[in-house]
Amino acid sequence: MTLLYRSTRDPQGKTYTASQAVLQGLSPDGGLFVPTEIPKLDFELADLSKFSYQELALHILQAFFTDYTTAELEACVTAAYSTNFTDPAITPLSYQAGNAYLELFHGPTIAFKDLALQLLPHLMTTAAQKNQHDQDIVILTATSGDTGKAAMAGFADVAGTKIIVFYPRDGVSSVQEKQMLTQTGENTYVVGINGNFDHAQTKVKELFNNQILAQDLAAHHLAFSSANSINIGRLFPQIIYYFAAYGQLLRDGKITLGQKINFSVPTGNFGDILAGYFAKKLGLPIKKLICASNKNKVLTDFFNSGRYDRQRPFYVTSSPSMDILVSSNLERLLFYITGEDATKTAALMDQLSQVGHYQLDFEVFQNLGDFAAGFADEVQTATEIKRVATLDDYILDPHTAVASAVAKNYQKASGDLSPMVIVSTASPYKFPQAVLEALETDSQHAEGLEAVTELQAKLQTPLPPTVATLFEAPIRHHLTCDPQDMEEMVRQILKVN
Ligand SMILES: *Cc1c(COP(=O)(O)O)cnc(C)c1O
């Protein structure tokens, strides 16, 4: 069976193959690609306890990327999930403080985006071959810290591709910034923006929709594609670890077959948790997906009131990858909760961009029952890091701590004590300063390498290789600009005038 894709905003429902959707990233009308139906998986829940991560990945990807051959997908999976991850399970569970922490940080950039971005370049170059694409792919990405590095790590020196990453200069940790500025690869470009993530992301979306720029690029045999979490080549690979977690819980005797579990997901652009929503639609026994936010709690308010309002103060927090006021992937959820109504979805998105807010009808609001939501402010986040460290000698990064704190509040408020998986999106080594501050050590003002060294003394685990070499690596990128100059910057980098 061929599974086709359509835009969330197109009432006619014009269809695309999976490989076309991967190449385009965003639909021409500004909407996001969704499958025309939810596919059926070719395995039983009980099989989950036997699958390796790679076997599971192949089954899930085959369901969504049906115009790829099995051999093509196998090659993609082999290239993506091997020794570039330091744990053979790829996404192991760690049982701590009464929860199961799903560790998504054993890849090359020690954050969860590696799970999708180690795979995406292979899905994309395969798609280019399948569609006789004779243009080089230019990946254009706005990052709140982790996407940019993870995307570059995936695309660096991949033939037929270039990647340009924009990041907010004042919105990322010093380790994150160092990771980006030291990125190798002749095809990688990094630009610091004088603005926040939403400025960068809004502008990147405009550049994707700029037809004149697209024509100028085409004249130079170049075409944009997106590595942001709106690309189906990033979204669907994230479904794999929800199933993998269930498999490991079964294997470890923590749950019985069919038992419902909860996931608490630290959320920014709504990509990770949306993959959980698809996992549930595919039949994984999930009771609640808990949408955890930091002080930028636009999603908590949305789930609790049905009103999305991006007009509010923007806070820079210790969990910068969640400092987001416009969560792009929420559009796909709107499409589903409106009953796959593209006209309604387009109207809501239009309202959001024109007036800055929208309110769901009561009927639509009632379709949010798969979710619960909450937020943790800076003090609660630090307190949770300290609580789990004291209880179990296990150190959370601030993003994971937000999810952990919100899960605890949810359990208290709801009385729902179903097994809880906390989606752990980054290694504490990625945010050493914030972690040390939370632990209230003597060295709480340590920065950069000093903070990493201090943290290692506490953790007593080997430094991930990427961190170990980070501080000796030379700075290779020096570009900065204002958001309004991003188009000019792109033209200069690509030598397109
Ligand atoms: C990107 C990121 C998130 C948020 O994920 P979304 O898919 O954008 O919701 C959370 N934690 C970390 C560490 C991240 O890098």
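When reading the values below, keep in mind they use all heavy atoms of this one structure, side chains included, and skip hydrogens, waters and symmetry mates. Order of listing sets the numbers, starting from 1, for every ligand and every atom in it.
Backbone and side-chain nitrogen or oxygen atoms of K113 are examined, and one is located within less than 3.5 angstrom of a nitrogen or oxygen of ligand 1. Below 3.5 Å of separation, one finds an N or O of N269 facing an N or O of ligand 1. At a 3.5 angstrom cut-off on N or O pairs, D272 counts as close to ligand 1. Polar contact with ligand 1: absent for A426 (N/O pair, distance under 3.5 Å). The shortest N/O to N/O separation between F112 and ligand 1 does not fall below 3.5 Å.
Looking from atom 12 (C) of ligand 1 to the surrounding protein, the closest heavy atom is T425 OG1, 3.3 Å. Scanning the protein for heavy atoms near atom 10 (C) of ligand 1, the closest one is P266 O, 3.5 Å.
Residue contacts with ligand 1 leave out S229, since none of its heavy atoms falls under 4.0 Å from the ligand.
Applying the salt bridge (Lys or Arg N to Asp or Glu O under 4.0 Å) test to residues at least two apart or on different chains, the pairs with a partner in residues 324-336 are R9-E331.
Using cut-offs of 30° and 60° for the angle between ring planes, the F371 and F270 rings count as tilted. Between Y81 and F85, the two ring planes are tilted [angle within 30° to 60°]. Ring planes of F236 and F278: perpendicular class, angle over 60° (limits at 30 and 60°).
When the side chain to side chain contact (heavy atoms under 4.5 Å, CB included) test is applied to N409, the partners found at least two apart in sequence or on another chain are Q380.
Between Y95 and L249 there is a side-chain heavy-atom pair separated by less than 4.5 Å.
Annotation: cation-pi pair K281/Y336 present, NZ/CZ under 6.0 Å from the ring centroid and within 45° of its normal.
Shown in contact with T267 at under 4.0 Å from a heavy atom are these atoms of ligand 1, numbered in order with element: 9 (O). Heavy-atom contacts of G268 reach the following atoms of ligand 1: 4 (C), 6 (P), 8 (O), 9 (O) (cutoff under 4.0 Å). Taking every heavy atom of G271 and a limit of under 4.0 angstrom, the matching atoms of ligand 1 come to 6 (P), 7 (O), 9 (O). Atoms of ligand 1 lying under 4.0 Å from at least one heavy atom of F270, given by number and element, are 6 (P), 8 (O), 9 (O).
Taking the centre of each ring, F33 and Y5 stay at or above the 6.0 Å mark.
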